[in-house]
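Throughout, residue positions are numbered sequentially from 1 according to the sequence presented. Counting starts at 1 for both ligands and their atoms, following the listed order.
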Amino acid sequence: MTAKLIDGKATAARERERIAGEVAELAARGHTPGLAALLVGDDPASHVYVDGKERDCAKVGIASFGSRMPTETTQDALHDEIDRLNADPAVSGIIVQMPLPDHLDTIAAQERIDPRKDVDGLHPVNMGRLLRGDPRYVPATPLGCRVLLETHGIDVAGADVVIIGRSQLVGRPLANLLSVRGPGGNATVTLCHTRTRDLAAHTRAADIVVVAAGVPGILTKDMVKPGAVVLDVGINRAEDGSLYGDVAEDVGEVAGWRSPVPGGVGPMTRTMLLENTVRAARLLAGA
Ligand code: NAD
């Protein structure tokens, strides 16, 4: 069997088209969505990410209100800036680009964001809502995974899903999202991590495996049930600069579906931030 392609690039392009339509409709009613990315310090990768997010916004008509702050910014100054953005009616969504410089408290900054503007979905209110089973904003990568499954006609209801990785950004919220009661949920989820005793025993029994460990080759052909769906969230960089995932190449010989890296989950992550920003604009406008 050769696995069918879970095409994140094409799906993200279609989603962006839909989002652009929604942005135009909101703008026509005077509710143009706006995203504020707060970047502290001069980490080159963070600058590349934030520039990319602002370009993505521009392409669909979302306004950008980026704030670049110097490395020596104090916690108080950071909170003042978040307060200002919280109060600005033109700003629908706020993100604090991570990592923050070491002297700053990331959790305190995340908690300072108005939960209605928390488009990264990392405020305890939004995490709590997801845990409670009525998500409002879900972090972009897990949301992107769910949309990829839905748009490829892969029904997770009743499926055995194994997720490798229990991070705050990916594995943990995804486990909650896919097991929620309701559309796009109802899966039976197993969350694996570094202390899992027999990873292969879990993955071999799974209908769907999501790999988000940051460990190249952690999922190999012999660990996958024939016909299973494999989503590769991992991003690793080769010496020549090219990107590759966590899933070994030969998995495609047994899996039924497989997402590539690049061109799988990555473009969906970028697009779901735009989706959350549009949702925030609607929520704030009552539209
Ligand atoms: P993380 O380092 O915070 O978490 C990794 C998780 O994997 C941990 O929970 C750990 O327990 C688990 N893990 C590590 N080694 C393991 C092993 N040998 N066996 C079982 N579990 C193991 O990372 P993260 O932020 O969740 O990111 C994971 C990967 O996904 C990274 O490669 C990252 O670059 C990538 N990522 C991609 C996107 C995207 O849009 N495609 C978004 C976020 C993260």
Side-chain angles (χ1 to χ4, degrees), residues 5-13 15-16 37 43 45-46 48-50 52-53 55-56 95-100 106-107 110 119-122 127 130 137-149 151 161-178 189-206 209-220 222-224 229-238 241-248 251 258-276:
L5 175 72
I6 297 182
D7 191 343
K9 199 171 166 206
T11 308
E15 290 291 310
R16 281 197 303 273
D43 177 50
S46 293
V48 170
Y49 291 140
V50 169
K53 287 169 188 179
R55 269 199 310 275
D56 290 346
I95 58 171
V96 175
Q97 182 64 41
M98 288 181 282
L100 287 175
T106 303
I107 290 177
Q110 285 167 345
V119 289
D120 265 343
L122 298 175
M127 292 220 142
L130 174 58
Y137 303 121
V138 176
T141 303
L143 186 58
C145 289
R146 189 174 78 172
V147 172
L148 268 185
L149 293 169
T151 51
V161 177
V162 165
I163 299 168
I164 308 178
R166 58 177 159 187
S167 71
Q168 181 200 208
L169 265 180
V170 188
R172 204 171 284 283
L174 183 62
N176 282 286
L177 188 64
L178 297 183
V189 180
T190 305
L191 192 56
C192 295
H193 45 76
T194 40
R195 301 298 290 270
T196 297
R197 214 173 291 137
D198 187 349
L199 184 62
H202 290 286
T203 58
R204 266 190 221 114
V209 184
V210 185
V211 190
V215 179
I218 192 172
L219 190 78
T220 48
D222 55 307
M223 295 168 72
V224 176
V229 177
V230 176
L231 275 186
D232 192 351
V233 180
I235 299 179
N236 307 289
R237 196 174 282 279
S242 61
L243 301 181
Y244 64 104
D246 284 356
V247 174
V251 165
R258 186 193 163 170
S259 72
V261 178
V265 175
M268 294 302 291
T269 296
R270 290 175 65 165
T271 304
M272 291 302 109
L273 177 62
L274 307 176
E275 166 72 14
N276 279 344

Residue-ligand contact T196/ligand 1, heavy atom below 4.0 Å: no

Option set S167, G214, P142, criterion heavy-atom distance to atom 31 (C) of ligand 1, minimum: G214

The one among D246, I235, I164 that brings a heavy atom closest to atom 34 (O) of ligand 1: I235

With heavy atoms of [X] as the reference, note each atom of ligand 1 found under 4.0 Å away.
X	result
T141	40 (O), 42 (C), 43 (C)
T269	39 (C), 40 (O)
I218	16 (C), 17 (C), 18 (N), 19 (N)
V170	26 (O), 43 (C)
G165	6 (C), 7 (O), 9 (O), 12 (C)
G266	40 (O), 41 (N)
R166	6 (C), 8 (C), 9 (O), 11 (O)

Considering all heavy atoms, the nearest [X]-[Y] contact:
X	Y	value
S46	M98	OG-O, 3.8 Å
V138	L143	CG1-N, 4.1 Å
Q110	L122	NE2-CD1, 3.4 Å
T269	T141	OG1-OG1, 3.0 Å
V211	D246	CG1-CB, 3.5 Å
R172	L191	CA-CD2, 4.4 Å

Nearest protein heavy atom with distance in Å, relative to [atom]:
atom	answer
atom 2 (O) of ligand 1	A213 O, 4.6 Å
atom 14 (C) of ligand 1	T194 CG2, 3.7 Å
atom 28 (C) of ligand 1	A212 O, 3.5 Å
atom 21 (N) of ligand 1	H193 C, 3.1 Å

From I163 atom CD1 to L231 atom CG, the distance as rounded to the nearest 0.5 Å: 9.5 Å

Value rounded to 0.5 Å, distance of CG in L100 from CG in D43: 10.5 Å

Y244, OH atom: more than 12 neighbouring heavy atoms under 6.0 Å: yes

Set of residues satisfying side chain to side chain contact (heavy atoms under 4.5 Å, CB included) with respect to T194, sequence neighbours excluded: R166

Atom 9 (O) of ligand 1 protein-contacted, heavy-atom criterion under 4.0 angstrom: yes

CA sep, side-chain torsions, deciding dist, call: M223, V209, side-chain contact (heavy atoms from CB on, under 4.5 Å): CA-CA 10 Å; M223 295 168 72; V209 184; over 6 Å; no

Within reach of ligand 1, part of V233 (heavy-atom separation under 4.0 Å): both

Polar contact flag for V215 and ligand 1 (N/O pairs, less than 3.5 Å): no

N236 N/O under 3.5 Å from ligand 1 N/O: no

